[in-house]
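Remarks on the structure that follows.
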2 protein chains.
Amino acid sequence: MSLLTIGKLAEATGVKVPTIRYYESVGLLPEPPRTDSNRRLYDQETVRRLRFIRHAREMGFETDAIRDLLRMAAQPDRSCRQADGIARAHLTAIDDKIARLTALRDEIEHMLADCPQDHIYSCKVIEVLADHSHCLHAEH
Amino acid sequence: MSLLTIGKLAEATGVKVPTIRYYESVGLLPEPPRTDSNRRLYDQETVRRLRFIRHAREMGFETDAIRDLLRMAAQPDRSCRQADGIARAHLTAIDDKIARLTALRDEIEHMLADCPQDHIYSCKVIEVLADHSHCLHAEH
DNA sequence: GCTAAAAGCTCCAGTCACTAGAGGATCAAG
DNA sequence: CTTGATCCTCTAGTGACTGGAGCTTTTAGC
């Protein structure tokens, strides 16, 4: 019960087998011991570590940030200022994305609302794309 | 004045030179005529086409959608139902993204608000990542 | 006319976080 | 004992570019 094959680890964590091997290759997971026939064997600590990685990925943290967070998680007595900093930076990045997507959303909705839904020559969607002066969004 | 080198086209449209060559390689731009010394020469029609592509990319349309939109733009007498359909599908996709990001945003904000900002062992950010039962977001 | 910088060319590799497939070995169940 | 599931490694593909090497050609200044 304590040692798992890669397939069982995948089952236990919801992370696909090739993704686990990928995480090993980029150093998010350590190289595990192998059986005589060269198969990977994982312990419960790896289950926890992989779950941590999965949750962080679900929240959109990048590989580098996750590497940092894992390092911090292993040092309980240190300050959590850095960990919070990573989360705060991520929050800001998400806010930026939401702002950009919301502006985009409104612009596309306007195009559609203004379109008489007739022929291409009067199609607002095509018109806005063809002529930047017709659209609202900022350059960058 | 009417024929442009790739550099001038880049200047006129705000699209980088390598990106223009990339668009040619994926069929968004036609292969242009060349000078005797093998340099690309572009006409004003290509300037318009490339601006169209840039605006569409800025709005987040994918290459395939842009290809379709360009084809439609060239057929003014056809119905614009398809063009509007592409835009509407894109709008829906953006709304989904915004919804997901907003949920994420709130979750990360909660983690940060709940964190006593002390040591790692009491850090909410690390705790939530380490244990899924502490967090709000849905599986998928 | 000469030289040096700028711009052009092709081709290849890298980005991010996986995902998929080939081709082969090994294991578990019936 | 066979069949199908699982495992292994290695390579390549995804989207939409971006950057670099190593080359030729053009352009500007003197």
Side-chain angles (χ1 to χ4, degrees), chain A residues 1 3-29 31-42 46 49-50 52-70 90 93-94 97 100 104 140, chain B residues 1 3-29 31-42 46 49-50 52-70 86 89-90 93-94 97 100 104 140:
Chain A
M1 146 105 215
L3 289 185
L4 312 178
T5 62
I6 197 167
K8 296 294 171 193
L9 178 63
E11 228 171 85
T13 59
V15 177
K16 290 181 192 157
V17 169
T19 304
I20 295 173
R21 287 194 278 248
Y22 166 75
Y23 285 158
E24 181 183 325
S25 80
V26 297
L28 281 180
L29 289 177
E31 291 185 24
R34 306 277 185 130
T35 66
D36 289 349
S37 63
N38 201 32
R39 298 183 169 203
R40 291 167 177 84
L41 277 184
Y42 296 98
T46 307
R49 190 177 177 92
L50 186 49
F52 187 103
I53 295 169
R54 180 165 79 91
H55 302 159
R57 285 295 305 133
E58 281 171 359
M59 293 206 194
F61 288 98
E62 295 174 4
T63 304
D64 283 352
I66 297 174
R67 224 185 306 268
D68 290 344
L69 288 168
L70 279 166
H90 190 43
I94 292 176
K97 259 187 206 158
R100 258 182 292 116
L104 221 53
H140 56 106
Chain B
M1 150 99 216
L3 289 185
L4 313 177
T5 61
I6 196 168
K8 297 296 173 194
L9 177 63
E11 231 171 83
T13 59
V15 177
K16 289 182 194 156
V17 168
T19 305
I20 295 173
R21 288 195 277 249
Y22 166 74
Y23 285 158
E24 182 183 325
S25 80
V26 297
L28 281 181
L29 289 178
E31 290 186 24
R34 306 277 184 131
T35 65
D36 289 349
S37 63
N38 200 33
R39 299 185 167 201
R40 291 168 176 83
L41 277 185
Y42 296 99
T46 307
R49 191 179 177 90
L50 186 49
F52 188 103
I53 295 169
R54 181 165 77 93
H55 302 160
R57 284 297 303 133
E58 282 171 358
M59 291 206 195
F61 287 99
E62 293 174 6
T63 303
D64 283 351
I66 297 174
R67 226 185 306 268
D68 290 344
L69 288 168
L70 280 166
I86 291 175
H90 190 43
I94 291 175
K97 259 187 207 159
R100 257 182 295 114
L104 221 53
H140 57 109

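In the text below, chain A, chain B and the rest are named by the order of the sequence lines, each starting its count at 1.
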* Structure fact -> Assert: residue with more 5' nearest nucleotide on DNA chain D, out of Phe61(B) and Asn38(A), is Asn38(A)
Would you tabulate the nitrogen or oxygen pairs shorter than 3.5 Å linking the protein to nucleotides 27-30 of chain C?
residue : atom : partner  : partner atom : Å
dC27(C) : OP1  : Ser37(A) : OG           : 2.7

* With sequence neighbours left out, what residues match Thr19(A) under side chain to side chain contact (heavy atoms under 4.5 Å, CB included)? -> Val15(A), Lys16(A), Tyr23(A)
* **Arg40(B): partners by side chain to side chain donor-acceptor pair (under 3.5 Å), with sequence neighbours left out** => Glu24(B)
* Give one of base, sugar-phosphate or nothing for Arg21(A), where a contact means two heavy atoms less than 4.0 Å apart. => base
Let me check something: any side-chain donor-acceptor pairs from residues 3-11 of chain B under 3.5 Å, sequence neighbours excluded? List them with distances.
residue : atom : partner : partner atom : Å
Thr5(B) : OG1  : Lys8(B) : N            : 3.4

* Kindly indicate whether the side chain of Ile20(A), heavy atoms from C-beta on, has any atom under 4.5 Å from the side chain of Tyr42(A). => yes
* Structure fact -> Residue pair Leu28(A)/Ile6(B) against DNA chain C: nearer the 5' end by closest nucleotide is Ile6(B)
Any N/O pairs under 3.5 Å between the protein and nucleotides 12-15 of chain C? List them or say none.
none

* To do: Go through the structure and list residues passing salt bridge (Lys or Arg N to Asp or Glu O under 4.0 Å) with Arg67(B), not counting sequence neighbours.
  => Asp64(B)
* **Set of residues satisfying side chain to side chain donor-acceptor pair (under 3.5 Å) with respect to Thr13(A), sequence neighbours excluded** => none
* For Phe61(B), enumerate each residue passing the ring pair (Phe, Tyr, Trp, His ring centres under 6.0 Å) test, keeping only those at least two apart in sequence or located in another chain. => His90(B)
* To do: With sequence neighbours excluded, tell me which residues meet side chain to side chain contact (heavy atoms under 4.5 Å, CB included) with Ser25(A).
  => Tyr22(A)
* Structure fact -> Span of DNA chain D engaged by chain B, first through last nucleotide within the 4.0 Å heavy-atom cut-off, is dA16(D) to dT26(D)
* **Qualifying residues under side chain to side chain contact (heavy atoms under 4.5 Å, CB included), relative to Asn38(A), sequence neighbours excluded** => Arg34(A)
* To do: Please report the closest heavy-atom contact between Arg49(B) and Leu28(B), naming both atoms and the distance.
  => NE-O, 2.9 Å
Report, one pair per line, the protein and nucleotides 19-24 of chain C atoms (nitrogen or oxygen only) whose separation is under 3.5 Å.
residue : atom : partner  : partner atom : Å
dT19(C) : OP2  : Thr19(A) : OG1          : 3.0

